[in-house]
Each structure stands twice: as structure tokens, then as C-alpha cells.
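Side chains included, hydrogens not; waters and symmetry mates left out as well; all remaining heavy atoms used. Numbered from 1 within each chain, the chains take letters A, B, ... in sequence-line order.
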Amino acid sequence: MIRAVLVMNTQGKPRLAKFYEFLPVEKQQEIIRNVFAVLCSRPEHVSNFVDAESFFGPDARLVYKHFATLYFVFIFDGSENELAMLDLIQVFVETLDKCFRNVCELDVVFNYSKMHTILDEIIFGGQVLETSSTEVMKAVEEISKLEAASSAINLVPKSVSSWRSR
Amino acid sequence: MAGSSSSIMDNLFQRTLDDLIKSMRLQLLNESTFISKSIEDIRREIKSTDPQTKSTALQKLTYLSAIHGVDMSWASFHVVEVMSSSLFSHKRIGYHAASISFHDSTPVLLLITNQLRKDLSSTNHFHASLALHCLSTIATLDLARDLTPDLFNLLSSSRVFIRNKAIAVVLRVFDKYPDAVRVCFKRLVENLESSDPQIVTAVIGVFCELSSKDPRPYLQLAPEFHRILVNSKNNWILIKVLKIFARLAPLEPRLGKKIVEPICDHIRRSGAKSLVFECVRTVITSLSDHESAVKLAVLKIRELLVDQDPNLRYLGLHALSVAAPKHLWAVLENKDAVVKSLDDEDSNIKIESLRLLMAMVSESNVVEISRVLLNYALKSDPEFCNEILGSILTTCGRNDYEIIVDFDWYVSLLGEMATIPHCQKDEEIENQLIDIGMRVKDARLQLVRVARDLLIDPALLGNVYLHKILSAAAWVAGEYVQLVRNPLELIDALVQPRTNLLPPSIRAVYINSVLKVLSFCLDCYLDQDEGTASSYCGNLAGGQSEMFHVKKHTEAPELVATTCEGSNYEQDEGFNPRNTTVESSDDLSDENDTDRAVTLLSMKNFTHESIVSLLNRIELIFSSLTANQDVEVLERARNIFAFVQMVKAEIIDNSGQNVDTVDKKYTQVSAVIKSIRDTFSMELGPVSISAQGRVAVPDGLVLKENLDDLKAICGDIELPSSSSFYTGGPQFGTASDTSSSNPLKNDESGPSNESTSLLEHRKRHGLYYLASDKSETVPNDYPPANDPKANSSTNDEADELAKLTEKSLLLKKRTNQVKPRPVVVKLDDEAAAPIPDKRPEPINDSLSGAIKDVLLGSEINLSVSRRNPLDKSSTKRKGKKKLGTDLPSEMKENLGDAEKPDLENPNPSSKNKERRRRGKEKIVEGEESDQRGKKKSSHRHGKHKTHQRANSPLNVVSQAPVIPDFLL
């Protein structure tokens, strides 16, 4: 299963961090730092696998991909196929690209909850549920609609009721 | 009024998450102050009565927690509040916050059960999806138990969107609450037959995870998996199925035959690299008996190895190293590619290729491969260099140097490694140098040479990573001083000024080695005075070759064996500038040139002058060390200092007299020297880690109990002995101030008497594990003991030890002789108790047990078997039940005996334990476990019934759930 998904920029600033098993925040930050230390020491055009046992316990592997200013990192165990994980990163990034039209780091920075919505549609509790970016997009769009609707309903009555209670 | 207006103000002026991110990016202040300010705001806002304000505050907090590592456990109640909002956007924020911040011990988890249930059964499937998401990361035993029925409903939901999520949640629920299996498992299996690939992906994913813990129960489902393996077109599903089969195939030999063909088909046909690689991996890990499949897999691996993509090259190498233990031919076939990969720019590939190279190492090629690797190590970056050195050391040192034939070569290699600039494998090299010294007698000569070369080079002392190696070298040179060609040169090396760069602990080893070498020199000198006259000086005029000839005669017979190499070495030495270091020649300044030539060339034949100058030199150097701050260094230096003064007094006194009288006058000091020499020349052997275990525990001595009890037995003996050892310390100090030898001797006699009486006591009572152990294992680590009695006692004990270890010599793991004995005992304990593995098992077992039960259709047959009087074990059990308190464990044994021999044993027994535990919580223990037992035996029975067609009647005592052939 997938243990964690991290997105960080080339300066080591985390942009998205999702851990599929509970870890105290200090430990999370430590892992992010360790992962970055490993990634930034690797040259371009080398293999995308890193042994993650040293910072994520036994049997942990890490796959990363470098896009522009961002590293996309998946940490997983022996129940996943390395190349499939690499493809999954591709799926994730493709979906982001569809969602934000030429995704860049700023999109990732400012769309914290949307990023999670997308990721949640692909990976559920550490298991891969959906690998087609079109399917993911469909679900994400529906969720966004629902969200917009609920806050639109929300906005008017709430302000009205607040004024009224004066 | 005021409250609501403030909430409006909050709402109007509240920063949204976007605002927060924006201002953080603009922030010129440092980040942490900004964050703590924001947290202040959030703390205020989150208490607001307005749900919008509250949820926005929570969203910000969640963001800060996930990205910036801010603690949000204090807000858990607010999370629950936001979760319960009816608005989707708020709910979403709440659920997200819960899934990242809640864990098993979060107290408010108790409050969310109803909320989750409500959302799970909500008509809005996005609400249900949120709840499922949350459950997949935070479900606890309580939540899992309470929500299992709701989950059961969702498992057959008509919406794929919900159903596949419900399936995925099952994994966590089973993990937390194994009894959920009884409810949900059947529906889970039914989903395997779904035509929707999304559903199948989810189910297969769950089974893949389940089988990673204990694959055995899922053998029953092999036909289903096989169908998917053959029919599915989805690569994701196929990969997961292959993972499952890789775990199942080793359990059931017949399975291999069935799956090998479809897998080979996939290898041949599929264009997806990930699937092909997974097939290859499955073949080499689990189907390694199927030769044609393995050949095909290796063919594919070869393709990967030469691919442009470094990922594929890496995975190819990785697959090869998985194959290496069983199919070394596969590695040898691809040797070229492997060696080439050693040059790759990718460190993963390099390391993988290094591992493979080491897998290829054998007796015949170890020399060549090590040579190649060492050359690589010299060229490569420090990290990889050490990686190489480390793997050479472990490979060569494996099973007590199994693959090493030529130890002279290996020892030289170790010396060479030590001098590689990046080398940080100091500890390993140190251990091996000492270990080889103790284990391999024939390697000692070369070992001493290597040690000398290391010791003599002043440049090496500056390198921190070499200190441990130098310590080993010093120990080796001192311990096997009789093989040293030039002891005087060795002493110079050991006392050279740069040794003050060494840490005190290592310096102490140096000093001890000086004592060993010095006592050896003195001993030789005395011997030669008694016997042969120093006639060699006359030969000095002769040519080089002649001198070597003479030398060979003077050396011990074993040295003659190494002829050519040895003499080459000696010739080199003459021209080696490092040989006569600046420092040491300063020290030697009192000698004239001819004297020096004599000491160098006549080796172990010492003239009176050389000995005197040696003593003077040591006295001079060690007089400064007697003020050293480190206790070890101080004490040893003072011992040597006192010893030298004692010897010098007699030798110089006699210097004026003629040779005849010298013989007699030396007797007093020579006795002392002889006894020291005897102590040091006694052979040290490796000690087996289980040596302690072979000492029979005497009757009446309970080792496991608290040692306080021993005070009653030997308290009177212990106290005086330990105190006398302690008072010995300061007395050594005073001894060094006095120039005569007598006070020193007197001081020593105290402890030694004590220790012999202690020894006697030990012999009588067989107490081997108290203070004496130190002197037993490490006589060389102790300050010099001048008293012959003390020496003999050490000898006795060491002899006993040698007898103990004789059998284990060269067989057992190495132990570090420099360390005190207690460490050895500890190791023993560790080896004897491999506990940690067992702990997590019960949970898995209860899970897989439950799954087996369900798969075997127990519930249906339960009532039948309850009435079944034929059950042997249950009747037995009833008999036992009356007998008494030990019932559950007895019952367990019976069940084990009666029903299944080996393989399944661990599962049911721990299941029983589990049940026993649960049973105890309830009041009627006996009945409870009895009933459970029956149920269990009925499962067996049920299984037998269901698969009667496939199993012959003999299979009542079958080992594993057997897969019916017709299904495959």
C-alpha cells in the first residue's frame, strides 16, 4: 500500500503532504526534510527510485518525479509495483494539469483543498482506486459543484440572519 | 448582541486560507512568528459560533498542520463540531481535519460514531464518501465494530463510487476488528466477480494487502484469482493478482503449474513494462522451480539491463539480485552488464551492481574481484567507496572468512583498504585484523608486517578514521611480537610523538603494546646473554645478501618459510624514507650510526648499548605521560615507567662488570621479565558467543534471579577483593615515584593474593560471572602484573577458557577480544531469544483465523458439529476440564495434536489464546472456551465436508486448506 504522498518544491518547501498512517507532525516534518535531503543530492536523469527504509521503516520504497520546480514523491511498500507507482505519479500530475490548465507551483500552493480532493479520488486510505484521470476529473468537478452550491446557499442566509439578529 | 456582532466582525475580517497563504508568501518577517500569530487568530476564530468562521479557521489550522507541522491536537473537539455541519463544504473541512489529526488515542473519537453512521447512510453519496475516507485512516476497534453493519450495506451499493470505497475501507476494519470478517467477507468475495474493473481493482487491492500479512487463508480463493489472472485486461489488477500469487505459490506446490503459463503469456505479450516486470519478479521469487519460465524471465531481465531508461536498468539489476541466491547462472550470464553498471552515474544502479558482484564472489575469483573493486573505490566518491569497502569486508568475512584461501593476500588487502583516503570502515577492519590474528595462526606473520607498515607511518596518525585500525595494528604487533622483524623499530613507531593525536583509549593500547615489545626485547637480550654470544656483529662487514642469510638463521623457523617476499620487503625497507622517521631519529640521536645499523640488521640480537638506550628512551617518553589526564594512559604509562626504572637499575649497575657476573646478577629482574613475557606469550583464542552457556550451572545457583541473593553466598569474599583492586590504583601511582622495584612488587602482591583466593572460591562454588571475568578474557588489557602467582592464575583461567572454546574455534561468530566478557554474555542472550517477531502475530492470526472460518463455511455447519459426538478432542477436553486450572493450554495442545500436525499449528493456538483472553473477560470461562473449541473443531469438520469431492478421506488430518484441483 501507499504510505505517503509528498509534493515539495526544489527548495524543500512542502506543498502537499498526505500520510496514510498516523504520524505525529514532528515526525512528518522530519520525513519531509530527510526525503528532500536525499532528492536534492540526486543528479538529473538517474533512476527515480530511492530506498526509503532509513526514514520510513522496513520495506519502504520511494519513487519520485521531478517536474519543473516540484518533486512528486510516493512512498509505498512491497505490495506496489515500482513502475506502476511511477505511472501513478504521471496520472496525478496529468489530472492536476487538466484541472488547472498548465499546472505550475503556484496552483499547487493556492489550491490546498482541491489538491487533496484530487488525490483522495486517486488514492483511498493508501490503496489505488482510480487510475484514469478523466474519471478523477469527473468526480472532482462534481465535488466542486456541490461545494460551491453549499457555500452559495450558505452565504446569503447566514449574512441575512446575522443582520437580522442585531 | 455583542456576541453576534463580534462574530460578524470575525467573519468579515477573517482571513481565508488563500489570504493566509498569500500573506505568508509576502511575509517579510520570519515564518515562525507569522505562524504563531496566525495560530492566535485561529484559536480565537475557531471558538466562534458562526459555522463559516469556525470552519475557515479549522481549514487554516489543517493547512498549517499538514504543511508546516503545527500541532492541532488541541482543536479536536472543534473538528467534531465542523464535521457535524450539514453543509458539504464545512463537512469536508471537518472530515479532512479529522483524517489528518485523529489517531487511536484521540478522546473525541467516541463522539463521532453516530455522525459517521449518519453520513455513511446518507443519500448524498458524497457525504458517504467523506465518511468512508475518514474511516479508512482513523477507524479504531470501537468504530469498526459499531459501523460494520453500515459498511456491510455499502458493500453492495449500486453506486460504484461508494462501493469501491467501502471495499477499500474493509481493509482497515478487518485489521482493527477481525470479527467483521464474519459479516463482510462473503460480500467482499462476491465483488471479485463484478464486471466493473474499478470494483475489482478495489477488491484485489484489499486481498493483496491482506495476503501480505498472512497469505495462507486466501489459498481457497486461488480459483477466483486465477480467473482474473487469465481474463483481466487491466494492468493494475493484473499486477495486484501477481503479487497475491507470488505469496500463495510457495504455500501450494500445485498452484505453480497452474499459473506459470498465464504469467509467461503476459511476459511475452504485454507491452506494459510494469506488468512484465511484475511477472518477472513473480517468476524469480515464487516460481523458481519452473525452468522455462525462469529462462524467459532472465531473458526479459537482460532486455531491462541494456535499456536506455535508468529505472529499467535499476529494476533489472534488482531482479537479478533477487534471482542470485537460487539462479547464480543468471547473474553470471549477465556479468558484463553488471560490471558495466558499476560505472553508472546513478548511485542506485552502482550499489545494486556492487551487490550482484559480491554475490558472484567465490573462492576462485575473490582476489580478482576485490582488486577490481578496490580500484573502483579509489576513483569513486567517498560514499560509494565505503559502500564498496563495506561489501568486500562483509563478503570476505562471512562465515569466518569462508572464501579466503590466501590470508596473506587478504591481510595485505586490509592494510591497503586502511590507507585509502576515504575509508571509514575503521571498525570493521579493526575487528577483522584482530579476529584474523586470533583465528588464523598462519596469517600472523603477514599481519604483523601490515601492522608495522601502518604503525610506522606518522602521516596516518592524523586521520581520525584510521585510529581504530591503528589500535588493532598496535595490538597485533604487540601480541605477536615474536614475529616482528625489528622490535626496536616497532617501539619507535609506538612511541612516536604524533601518537598524542590518538584518543586516550587507543593510546592505552599503544602503551600496552610497548610493554609487550619491551618485555620481549629484554627477554631476548637475557636469553642471548645466557646462551649464544652476540657474534653477529662481526658479519656486519659482509654484503647485503649475506646479512639476510644470517638473519634467516636467527629468526624462528617458521619465518624461513617466507623467503623471497620477505627479503624483498627488507630491501625495500632500507630505501623507504618513512622507515626512519624524523621523530624517531631524534629519539635515537644518542646512538651513533653503527649502533643503529646493528639494531636494524641484527634484529632480535640486542647489544647492551641498544637495550640501555631503549630503556632510556622509553623512560624519557613515559615520564611525560605519567602526568596524562586519562586514567588508562596514566596508569599504564606509570607501570611501564616503574618497570623500566626497575630493569634499568639492575642492567646499568651491571654494565661495568664483565659478562660472567652479568648472568647471575640479572636473575632477580629476569624472573620478573620472564613472568611478564609468559603472560603475554600465552595464546589468545576467539571466544564463542555461547561459551558462557557451556559452563554448567552448579546446583542451587539460580542465575535468573536477582543478584542481591548472591550476597548471602559470597558477599564476604566479594567485598574485600573489589576494594583491594580499587586501592591498587593509587598505589601504582606512588610506585612510579620510587625508583626501586621492591615497593611495586609489594603493592602487587596484595591484589594477586586476593585474586587467587577468589579463584579458589570460584573453583569451589563455580561462580564464573563476577569480577574475575575481566582478567579471564582480557589479560592483556590489564596493568602489568609482576607477581608470578597472579600470572599463573590468569593462565589457569585462560586455559579453562581455551578448553571451552576449543570446539568452537573457527566455527562460531567472532567476538571482539578487546571487549570485556559481559558483552559476550549479552550477545548470547540476544541470540537465544528472537522474541520481537512474534508479537504482532496474534492480531494477524485472529484475522486470518476468522477469514479461514468464513471461507470454510463454518457458520452453516456449526449446529451440526455441535451435536457431533465423534469429535475426539472435545471428549478429551471434557475430561480435562474437570481436572483443573490449566485447562485452556491443555486444550490447546489437544487440539493441536488431534487435528493438525505442523503447518497450521501457530494459528489456532494463538487464536485460542486470543479467545482465552476474551473468555476471561466474561464470567463463564470454562464454558466459553469449550464452546469456542467446539466451534473451531466444527470448522475443520465443515471444511472436510465442503471439499469432500476433492479430498480423500485421509485428509481429515490435512495440513493446509487444500485447493480442489478441478477448480484450477
Under 4.5 Å from any heavy atom of chain A - which part of [X]:
| X | value |
| --- | --- |
| Leu132(B) | both |
| Lys91(B) | neither |
| Phe102(B) | backbone |
| Arg313(B) | neither |
| Lys273(B) | both |
| Arg172(B) | neither |
| Phe126(B) | side chain |
| Asp309(B) | neither |
| Ile93(B) | neither |
| Ser212(B) | side chain |
| Val206(B) | both |
| Ser101(B) | backbone |
| Leu312(B) | side chain |

*asked:* Counting only non-hydrogen atoms closer than 4.5 Å, can you tell me which residues of residues 29-42 of chain A sit against chain B?
replied: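 Listed by number: Gln29(A), Arg42(A).
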Which atoms of [X] approach chain B - backbone, side chain, both or neither, heavy atom under 4.5 Å:
| X | answer |
| --- | --- |
| Leu23(A) | neither |
| Lys18(A) | side chain |
| Glu26(A) | neither |
| Asp87(A) | side chain |
| Leu6(A) | neither |
| Tyr112(A) | side chain |
| Val128(A) | both |

Could you check if a side-chain atom of [X] sits within less than 4.5 angstrom of a side-chain atom of [Y], using non-hydrogen atoms only?
| X | Y | value |
| --- | --- | --- |
| Glu82(A) | Phe277(B) | yes |
| Glu142(A) | Phe161(B) | no |
| Val169(B) | Phe124(A) | yes |
| Phe49(A) | Asn311(B) | yes |
| Leu129(A) | Gln198(B) | no |

*Between Val25(A) and Met72(B), does a side chain to side chain contact (heavy atoms under 4.5 Å, CB included) hold up when you go through it step by step?*
CA-CA 9 Å; Val25(A) 279; Met72(B) 63 174 288; over 6 Å; no
Determine the option with the most heavy-atom pairs under 4.5 angstrom with chain A, choosing from [options].
| options | result |
| --- | --- |
| Ile349(B), Thr201(B), Ile239(B) | Ile239(B) |
| Ile67(B), Leu135(B), Ile21(B) | Ile67(B) |
| His68(B), Arg25(B), Arg92(B), Glu345(B) | Arg92(B) |

*asked:* Using the rule given for side chain to side chain contact (heavy atoms under 4.5 Å, CB included), can you reason through Ile143(A) versus Phe88(B), listing the C-alpha separation, both sets of side-chain angles and the distance that settles it, and then say yes or no?
replied: CA-CA 9 Å; Ile143(A) 290 172; Phe88(B) 180 74; 3.8 Å; yes
*I would like to know whether Tyr63(B) and His116(A) meet ring-ring contact (aromatic ring centres under 6.0 Å, His included); could you show each step before the answer?*
CA-CA 11 Å; Tyr63(B) 171 82; His116(A) 274 281; 9.5 Å; no
*asked:* Looking at Lys13(A), I want to see if its NZ is surrounded by more than 12 non-hydrogen atoms of other residues, nucleotides or ligands under 6.0 Å.
replied: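 Counting neighbours around NZ of Lys13(A), 12 or fewer heavy atoms of other residues, nucleotides or ligands fall under 6.0 Å, so no.
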*salt bridge (Lys or Arg N to Asp or Glu O under 4.0 Å) between Lys240(B) and Glu80(A), intermediate numbers included*: CA-CA 8 Å; Lys240(B) 289 284 179 179; Glu80(A) 304 292 338; 2.8 Å; yes
For the pair [X] (side chain) and [Y] (backbone), establish whether a donor and an acceptor sit closer than 3.5 Å, ignoring hydrogens and angles.
| X | Y | value |
| --- | --- | --- |
| His133(B) | Asp120(A) | yes |
| Asn348(B) | Ser47(A) | no |
| Glu147(A) | Ser89(B) | no |

*Distance from Thr131(A) atom OG1 to Asn234(B) atom CG, nearest 0.5 Å?*
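Between atom OG1 of Thr131(A) and atom CG of Asn234(B) there are 6.0 Å.
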*Verify side-chain hydrogen bond (donor to acceptor under 3.5 Å, both in side chains) between Asn81(A) and Ser274(B), making sure each step is shown before the conclusion.*
CA-CA 7 Å; Asn81(A) 178 295; Ser274(B) 51; 4.9 Å; no
*If you measure from the Lys or Arg side-chain nitrogens to the Asp or Glu carboxylate oxygens, is any gap between Lys165(B) and Glu130(A) under 4.0 Å?*
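The answer is no: the pair does not qualify as a salt bridge.
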